[in-house]
Structures are given as C-alpha cells and as structure tokens.
Amino acid sequence: MANINELKNYDFTLREKYWQQFWEDNQIYKYDPASQKEVFSIDTPPPYVSASHLHVGHAMSYTQAEFVVRYKRMMGFNVFYPMGFDDNGLPTERFVEKKYKIDKSHTSKKEFIDLCLQATKEGGETYKKFWQSLGVSVDWSLLYSTINEHCQRTSQRSFIDLFQKGLIEHKEGPVIWCPKCQTALAQSDLDDLEQNTFLNYIDFKFEDGTTAPIATTRPELLPACVALYTNSKDPRFAKYIGKKAKVPIFNYEVPVLSDDNVDPAFGTGLMMVCTFGDGEDIERWKRDSLETRIVFDKAGRLTDKAGDYAGLKINEARKQILEDLKENLVKQDAISNVCNVHERCGTIAEFIVTPQWFINVVDHKADWIKRGDELNWYPKFMKSKFDAWIDGLKWDWCISRQRYYGVPFPVWYCDDCGQIVLPSDDELPVDPTSLAAPKNGCSKCGSKKLRPEHDVMDTWMTSSLTPLINANWQYPSDKNLMAKIYPMSLRVQAFEIIRTWLFYTIVKSHYHTDSLPWNDVMISGWGLDEKGRKISKSLGNFVEPEKIIEKYSADALRYWSAESTLGQNLRYNEEEVKVGKRTITKLWNASKFVISHLEEYQFQDSDNQHLEPADRWILSELQKTIKAYHKNFSVYEYAKAKDAVNSFFWDKFCDNYLEFVKYRLYDENTSEESKAAAKWTLYKALYNILQLFAPIMPFITEEIYQLYFINQDKNISIHLTQLPQVEKGLLINDQELKFSDILLIVQEVRKYKASKNYSIKKELSELIVEMTNDDAKNYTDLLKAVLSFQKITAGKGETTLSPDLKITIKE
RNA sequence: GGGCGCUUAGCUCAGCUGGUCAGAGCAUCUCGUUUACACCGAGAGGGUCAGAGGUCCGAAUCCUCUAGCGCCCACCA
C-alpha cells in the first residue's frame with residue numbers, strides 16, 4: 001500500500017497523463033458485447049476535424065455529455081460510447097482551401113481529395129489527444145470517421161433505401177446556391193445576416209404611358225424581372241392588371257398580374273417578381289407559370305441575359321444599374337434588412353436552376369412533429385426550437401453538393417432511356433466516377449451508355465446516420481448490435497444544430513426504421529467568453545482548453561463545465577476553474593488525513609454497531625446527498641448533482657465531521673469501539689464522496705481510490721465501481737437524534753470566539769448547556785474537545801439558540 | 001414581425017410544482033499558525049429578486065403588460 005503521507009503533493013500534470021494511459025491500457029471504457037447488463041448507448045456529435053482549434057466551449061459541451069456517460073457507467077450500465085469524426089464535406093474542403101490557399105477549380109480532384117484526407121488524418125489525431133487529455137471516457141475502439149468505407153456504405157445504402165421507397169427525387173428547379181462554394185445548399189445551411197442597404201424606388205412605364213414605382217433592395221435583379229403584381233383592390237394600380245409594363249434599362253415587357261396576397265401598404269404596393277430573388281418569387285413563378293430569366297451564373301456573375309452587365313459581379317451590377325437608372329430611380333430609403341448567407345462562408349446565397357437530389361421532408365411535417373413529441377427533451381424548452389424549425393420548413397432537403405470531398409452518389413444515368421441505375425447492395429460503397437459502370441448496363445433498356453453522377457452528398461446525409469452507423473445497420477446480418485444499442489439511449493448535442501443534425505437524424509430513422517433514433521436528447525448551451533460573447537477566432541477571445549488544463553488540470557476545467565444548468569449558456573470563468581483546482585487540493589488533503597488514520601483498518605460491516613451521534617449525523621447527511629445526487633443526475637442535471645456532493649464534502653464532512661472526529665482518533669483513551677465506529681464512518685463517507693465526484697473529476701478521484709480503497713474494494717478503477725444508493729437505515733430524523741442542536745452550539749461558540757478575536761482553539765472554562773430534547777451529557781466529550789472547554793455542564797442557559805436549547809459560555 | 005431563453009448581493013449563478021426563498025461561490029472586511037489543508041479555518045457586511053399591474057391569507061416563484069440583453073425563425077417585395 002502506498003503511504004499517502006509520503007506524497008507531498010498531487011502533481012496533476014503527471015498523474016492525469018498517467019491515468020489516461022492506465023484507463024486506455026486497462027480498457028476501462030470498453031463496451032462489452034457479451035455482457036448481459038443493460039446497455040446505455042450515446043450518440044455524440046462527430047466534430048469537424050477541420051476545426052483545427054478547439055476552444056473552451058467545445059470542452060464544455062463534450063464534458064457535460066461525458067458527466068452523464070460516467071454516471072451511467074457507475075450505475076452499472078454496459079456503456080456504448082463511441083466517437084466519430086465528421087471529416088467529409090464542405091467544412092473540410094474549405095479548411096483545405098484556406099490552408100493551402102487553393103480552390104477546387106484549379107486543382108485536380110484527386111489531389112484535392114488527398115489533401116482533404118491528409119487534413120482529416122491530422123485533425124483526427126489532434127482531436128483524440130485532446131479528448132483524452134480532458135478525460136473523455138470514449139471507447140476508442142468504436143471510433144468512426146464519416147469518410148471511411150463503413151460510413152460511405154451506410155450513406156449509400158441510406159440513399160438507395162430512400163430512393164426505392166420513393167422518398168428521394170432527382171429534379172430540376174430553383175435551388176439555394178452558394179456562388180463562392182459553387183454548390184447547391186439546403187435550407188438548414190443558411191444563416192441570417194443583417195445588412196444596411198437601400199430600398200430603391202424604380203419607375204416602370206406602362207402601356208398607357210403612365211409610370212409607377214416598384215420598391216426593391218435588389219435592382220440587379222431587374223433583368224430577371226418576369227412580372228409585376230398588385231392587389232386587385234388597390235385603386236392605384238388595379239388599372240394596370242392585364243396590361244404590360246416595360247422594364248427600365250432592359251426595355252422588355254412583362255405582364256402585370258393580380259395577387260391579393262400583395263400588401264398594398266408594403267413597399268409601393270406594386271411588387272416586382274424576378275427569377276429568382278426569394279421564396280415569394282418562386283412561389284408565384286411556379287403557380288403562374290412565369291417566364292424564367294436566370295441572370296446569375298454559378299459563380300455569382302451576371303449572365304448574357306443581363307445584356308451589357310454580363311460578366312459583372314452581383315455587387316458591381318447593382319451599383320452600375322443604380323447609376324444607369326437615372327431618372328427612373330425616384331427615391332432611395334436607407335433600411336436594414338436580413339438576407340440569407342451560407343453558414344460556412346458567409347456568402348449571400350442566390351437561387352439558380354439546376355438538377356439536384358432532394359429528400360422529401362416538407363410533405364411529412366406532421367411526422368416530424370409527432371416524433372418530436374415522442375422524444376424526451378432535456379431541458380424541455382429546447383423542443384420549441386425544433387417545432388419552430390419544422391414549422392418554417394419550406395424546401396425539401398437538397399442532398400447533392402457540387403463538391404469533391406464527400407460520399408459519392410451511387411448513381412448512373414442511362415444516356416439512352418434516362419433510367420437511373422443503382423448498384424446492388426453488396427457492391428457498396430461505390431464511386432461511380434472512378435468505377436466502371438454496372439456490367440449489365442441499364443437496368444431498364446440494357447444500354448451500356450451509362451453516365452456517372454459527379455455530385456457528392458451533403459455532409460448531413462452521413463452524419464444524420466450516426467445511430468445507424470454505430471449499430472451496423474447496413475449489415476442486415478448483424479442484428480445483434482442493432483438490437484442492443486438502437487434506438488440509442490441518449491443523443492447529446494448543442495442547440496444550434498437542432499435544425500440540422502437532430503432533425504435530419506430523426507428523418508432518417510423515421511424513414512429507415514420507423515422509429516426514433518434515441519429515447520432521450522440532452523441539449524447543452526454554449527460556452528461563452530468572460531463577457532458573454534460567442535467564442536470565435538475573429539473576436540480574438542479564444543480560450544484554449546489546453547492552456548487551462550496545463551495550468552489548472554483537466555479536473556478543474558471539468559469542474560467549471562459542471563457549473564451551468566443544462567441548456568444554459570455558460571461564460572468562461574477562470575475563477576471557477578480555480579475553485580475546481582482548490583477542490584482537488586482539498587480532496588487530496590482531506591483524503592490524506594482520513595487515509596492516514598485508516599492505514600491498518602479493514603472495513604467490515606459489523607463495525608457500525610457503535611456509531612456515535614456525530615457518525616450517525618454525517619452518515620445521514622451522506623444519504624440525503626446521495627438521494628439528491630441521483631435525483632438530479634437521472635434527469636441529466638449534473639450541475640445540481642455536483643452542488644450536492646460539493647456542499648456535503650466541503651461544509652459537512654470537512655468543516656464539521658472531521659473536526660468532530662479528530663479527538664476520537666488522536667486520543668489514546670478512546671475506546672476501540674468508538675475508534676472503529678469513527679473509522680467505519682470515515683471509510684464509507686470518503687469512499688462515497690470520491691465516487692460521487694468521479695463523474696465530474698475522474699482523475700483526482702481515481703488517484704485517491706488507487707492509493708487506498710482499491711486494496712479493499714478490488715475493482716480495477718473507481719470508474720468501474722457502483723455508485724452508492726441511499727441506505728434508508730442510515731437516515732435519521734430530528735426525533736431520533738437532535739444533532740442540529742449540537743451544530744447550533746458549535747456555531748454559537750465559534751461566533752463568540754470570533755467576536756472576541758480568539759483563536760478557535762483558545763480554551764474557555766465552562767459551557768453550560770440547557771437542552772430539553774436530548775441529554776447533553778451524550779455530547780460532553782465532543783463539545784469539550786471540539787470547542788475547547790475545560791468542562792461542559794448541564795444547567796441554566798442564558799443565550800437562546802432554539803426553543804429547546806439555551807447555553808451559557810463562561811470564559 | 002413571431003418564438004424561445006435570460007434579467008436575483010460588486011461578479012458568476014442557484015432558487016421559480018407559491019408560505020424557513022432571500023441563497024452559494026468568488027470578491028470585500030475582521031479575526032485565527034487549530035498536528036489534513038493558509039490552494040485553510042471562524043465570523044461579518046452586502047440584494048425593496050429588471051419595472052408596473054393582477055390573482056391569493058401569502059409571490060423572486062402563477063397571470064398580464066413594459067423595458068433591456070441574447071439566440072432562433074420570418075416574403076419587407
């Protein structure tokens with residue numbers, strides 16, 4: 001047995017590394033497929049490996065999830081806790097483009113993908129190291145990467161399954177487009193951007209020679225104008241309905257149509273419809289079969305349809321057109337409006353018309369709402385974000401991207417009959433662009449002229465499958481894993497990806513397995529900087545968790561993470577990390593003291609026969625703590641669970657019980673029975689404290705466990721022990737034992753000494769106690785030793801502490 | 001424009017199924033070398049719980065409205 005007193009300090013830098021390795025070597029976190037224990041499976045966000053720098057907010061959200069995992073493991077579950085890296089798709093591409101200062105149009109596809117794979121590999125290693133240094137208890141043998149063969153196969157099978165079920169369509173139409181990334185996007189890829197701009201009032205000339213203005217923030221869309229609309233009840237413009245108007249500068253005629261959804265009070269009451277400025281345009285274009293005039297190309301420049309403006313960028317064209325409008329530009333109002341930008345690059349998204357693949361989601365809104373209702377949301381209010389997203393859903397999910405690095409579509413097109421040709425299941429995964437087309441040719445006409453699909457899938461097409469990827473869904477022969485871990489017990493994630501990751505995963509599981517992907521979802525808030533701002537590189541408020549760990553330890557950082565109520569944002573607060581560090585030291589010191597008195601002690605249940613009031617009190621407080629701990633942790637309220645242990649440990653155990661028990665341990669005259677009772681209590685209390693702290697601070701608790709408790713407990717690690725449950729027999733009530741009176745006396749005497757500026761140890765002559773409920777002489781030894789009185793006597797008290805309790809202090 | 005969250009001691013936050021709920025930690029002040037720990041201990045000061053109404057015997061806690069902050073959504077053509 002190590003002698004804890006010989007260890008001067010706890011060197012967290014050294015020891016945390018040691019335990020990381022120890023846990024890894026001993027496979028503490030391994031999922032056991034053979035076990036009969038109930039499985040608890042967790043779906044965690046696969047981070048983009050291209051986010052080369054992780055900040056303290058990431059550390060926060062992952063550790064918050066991890067508290068729960070550790071709790072469940074110590075509750076006896078067979079924990080399935082995988083980690084994935086999301087390394088396909090646009091984020092990685094953009095990372096590579098930035099890092100190597102290239103873009104995909106000037107690099108070969110192969111070269112580009114190689115660089116992406118390289119970045120993926122490097123990123124993955126950095127990440128793994130980082131999670132390990134945080135003490136994240138992932139089973140690394142379950143690591144998946146969304147670009148690996150397994151995930152590609154799952155994604156392609158998902159595609160084929162949905163296609164065969166008629167839920168996927170290849171269609172040409174207006175699609176949200178990023179001119180910078182030059183790819184189609186889904187609605188969920190958009191962010192809002194507020195910008196200051198001008199509402200321009202532009203005169204159109206009508207057949208009868210009169211003019212009337214429309215209002216637009218986007219004059220560069222003039223050459224795309226295909227109709228004007230007005231409300232039929234608008235006396236100003238109703239006369240134009242059915243007539244033609246001439247588009248300024250471009251001098252072609254467009255019809256004036258009526259639409260009573262047009263608000264006469266809005267703009268000028270005369271609305272310009274272009275192909276395409278926004279969803280309104282598209283709606284009317286579809287409904288009224290308007291002409292199509294596409295004036296933006298894929299790179300965000302004006303096309304030949306824009307006449308003299310062809311080749312100009314959108315911004316340049318706007319400027320030029322406004323200038324050229326001259327007297328047709330009757331007024332400009334400065335306004336601020338909100339436009340949609342691509343969330344990955346901040347570029348304003350446009351609409352163009354190209355063929356793309358879509359998953360039908362808009363027609364199934366009722367299903368999504370129903371699934372959302374079935375899911376257990378922690379915290380509950382997060383569900384409203386999901387409902388709101390479904391409510392606002394307008395576009396089917398566009399899953400094709402005109403990029404390189406991603407999962408290919410398993411699709412060929414028959415040049416002769418137009419048939420869409422798919423590979424068979426056992427051929428997956430395939431890359432149609434590098435693989436010979438299916439030997440048998442077109443499945444419909446037999447033609448050998450097959451053209452591969454060049455697009456790749458949206459990254460969410462893969463990450464929406466994480467529960468199914470983990471469960472080996474794509475191998476129908478492996479029913480076992482699927483049955484055990486799916487639907488998964490819990491999804492953990494942050495709130496901003498409810499509309500993407502959470503939503504799409506629900507879509508997939510609903511379509512593929514007609515079930516929810518998980519039973520519970522736990523949504524964390526964001527880690528913010530000290531001032532409450534979102535952490536980002538551009539703000540220069542980046543707090544690197546590695547530096548915090550180096551300075552204060554991973555346990556201390558985790559302690560801070562456990563501060564926030566579930567779902568609330570949490571400001572980074574170095575003071576709180578320091579408190580965590582102090583808690584570690586306190587644990588170390590208290591344990592040093594306790595264990596030094598337990599060195600020859602052999603724990604046995606029978607030693608609890610002679611518990612003294614102080615023992616019974618602390619054991620009862622411990623039971624209350626355990627109760628509160630479970631109550632909170634079972635609903636993922638780790639912060640409240642932590643608070644419960646924390647105040648028990650610090651206030652009850654250290655500041656009081658240890659003081660109460662010292663005289664029994666030191667005094668040679670103490671009976672063996674009393675000593676045994678004290679040791680029994682110390683053993684039990686400290687052991688439980690360590691266990692309860694273990695999910696939050698896995699390192700220091702393991703360290704102390706291994707120094708002493710392991711010798712009697714025989715588990716490999718504290719993290720494989722079972723958390724204590726409330727022992728009702730140890731709970732006491734006030735009728736049974738009025739120990740609260742003793743605490744009142746202690747407090748009063750301490751207050752007295754403080755007011756006199758006495759040392760807490762200064763000996764006073766006499767304490768007279770008047771107690772009705774309990775016999776004061778039961779506590780004589782305790783009060784005498786703890787409060788330093790020459791004698792304790794029963795008698796008339798002068799100071800009233802409670803209705804039943806009076807005392808007199810005599811110097 | 002709509003929705004959600006937040007607004008409680010100087011700071012960061014609990015409490016919000018209504019009645020020891022006015023709390024914790026940090027910071028501040030006073031004191032204390034007490035053989036686990038000065039990365040400590042004892043004690044003190046500090047808030048009309050954003051504002052205004054309402055329900056109730058009673059509200060930080062429920063309802064209504066207002067203001068500020070944050071996030072999400074929305075067609076200002």
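In the text below, chain A, chain B and the rest are named by the order of the sequence lines, each starting its count at 1.
Taking the six-membered ring where the residue is Trp, the centroids of A:Trp177 and A:Phe296 are separated by 6.0 Å or more. Aromatic rings from A:Phe386 and A:Trp368 are positioned such that their centres are separated by 6.0 Å or more. No close placement of the A:Tyr559 and A:Tyr552 rings is indicated, their centers lying 6.0 Å or farther apart.
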What protein N or O atoms touch nucleotides 74-77 of chain B N or O atoms at under 3.5 angstrom, if any, and at what distances?
| from | atom 1 | to | atom 2 | distance (Å) |
| --- | --- | --- | --- | --- |
| B:A74 | OP1 | A:Gln187 | NE2 | 3.4 |
| B:C75 | OP1 | A:Lys394 | NZ | 2.6 |
| B:C75 | N1 | A:Glu280 | OE2 | 3.3 |
| B:C75 | O2 | A:Glu280 | OE1 | 3.3 |
| B:A77 | OP1 | A:Thr217 | OG1 | 2.7 |
| B:A77 | O2' | A:Met272 | O | 3.0 |
| B:A77 | N6 | A:Asp263 | N | 3.2 |
| B:A77 | N6 | A:Asp263 | O | 2.7 |

Could you go through nucleotides 39-41 of chain B and list every protein N or O atom that sits under 3.5 Å from one of its N or O atoms, giving the distance for each pair?
| from | atom 1 | to | atom 2 | distance (Å) |
| --- | --- | --- | --- | --- |
| B:C39 | O2 | A:Thr585 | OG1 | 2.8 |
| B:C40 | O3' | A:Lys586 | NZ | 3.1 |
| B:G41 | OP1 | A:Lys586 | NZ | 3.2 |
| B:G41 | OP1 | A:Trp650 | NE1 | 2.7 |
| B:G41 | OP1 | A:Asp655 | OD1 | 3.4 |

Distances under 3.5 Å between protein N/O atoms and the N/O atoms of nucleotides 10-18 of chain B, please, pair by pair.
| from | atom 1 | to | atom 2 | distance (Å) |
| --- | --- | --- | --- | --- |
| B:U12 | OP1 | A:Arg571 | NH1 | 2.9 |
| B:A14 | OP1 | A:Thr565 | OG1 | 3.0 |
| B:A14 | O5' | A:Thr565 | OG1 | 3.4 |
| B:G15 | OP1 | A:Lys640 | NZ | 2.9 |

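Counting to the nearest Å, the P atom of B:A42 and the CG atom of A:Leu787 are 13 Å from each other. Remark: C1' of B:U33 and NZ of A:Lys762 are 16 Å apart, rounded to the nearest angstrom. One can place CG of A:Leu744 at 16 Å from P of B:A42, the figure rounded to the nearest angstrom. For the pair A:Phe386 CZ and B:G5 P, the interatomic distance rounds to 18 Å; values are reported in whole Å. B:G32 atom C1' lies 16 Å from atom OH of A:Tyr752, rounded to whole Å. Here the C1' atom of nucleotide B:A24 and the CG atom of A:Asn646 are 10 Å apart, to the nearest Å.
Closest to the side chain of A:Lys761, out of B:U34, B:C26, B:C4, is B:U34.
Nucleotides of RNA chain B nearest to A:Asn656 and A:Val594 differ in position, and the one nearer the 5' end is that of A:Val594.
Across all strands shown, A:Phe495 has heavy atoms under 4.0 Å from sugar-phosphate atoms exclusively, and none from any base. Within the 4.0 angstrom heavy-atom criterion, base atoms lie near A:Ala590.
Using atom P as the reference point in both B:U35 and B:C29, the two lie 26 Å apart (nearest Å). With C1' as the reference atom, B:A67 and B:A50 are 8 Å apart, rounded to whole Å. Spacing of P atoms, B:U17 relative to B:C62, comes out at 6 Å, to the nearest Å.
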Just do the ring-ring contact (aromatic ring centres under 6.0 Å, His included) check on A:Phe495 and A:Trp526 with the steps written out, would you?
CA-CA 8 Å; A:Phe495 64 88; A:Trp526 270 343; 4.9 Å; yes
Side chain to side chain contact (heavy atoms under 4.5 Å, CB included) assessment of A:Trp395 paired with A:Ile282:
CA-CA 11 Å; A:Trp395 311 95; A:Ile282 293 170; 3.4 Å; yes
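A 4.5 Å side-chain heavy-atom check between A:Thr275 and A:Phe351 finds every atom pair outside the cut-off. Contact check for A:Thr625 versus A:Asn688: no side-chain heavy atoms found under the 4.5 Å cut-off.
A:Asp263 places a side-chain N or O within donor-acceptor distance of the main-chain N or O of A:Ala265, the cut-off being under 3.5 Å.
Atom CZ of A:Arg218 is separated from atom CG of A:Leu199 by 13.5 Å, given to the nearest 0.5 angstrom.
A donor and an acceptor atom, one from each side chain of A:Asp615 and A:Tyr657, are located under 3.5 Å apart.
Nearest heavy-atom pair, A:Leu587 versus A:Ile704, reported as atom, atom and distance to 0.1 Å: O-CD1, 3.8 Å.
A side-chain hydrogen bond (donor to acceptor under 3.5 Å, both in side chains) with A:Tyr201 is found for one member of A:Thr268, A:Asp333, A:Thr216, A:Asn328 and no other, namely A:Asp333.
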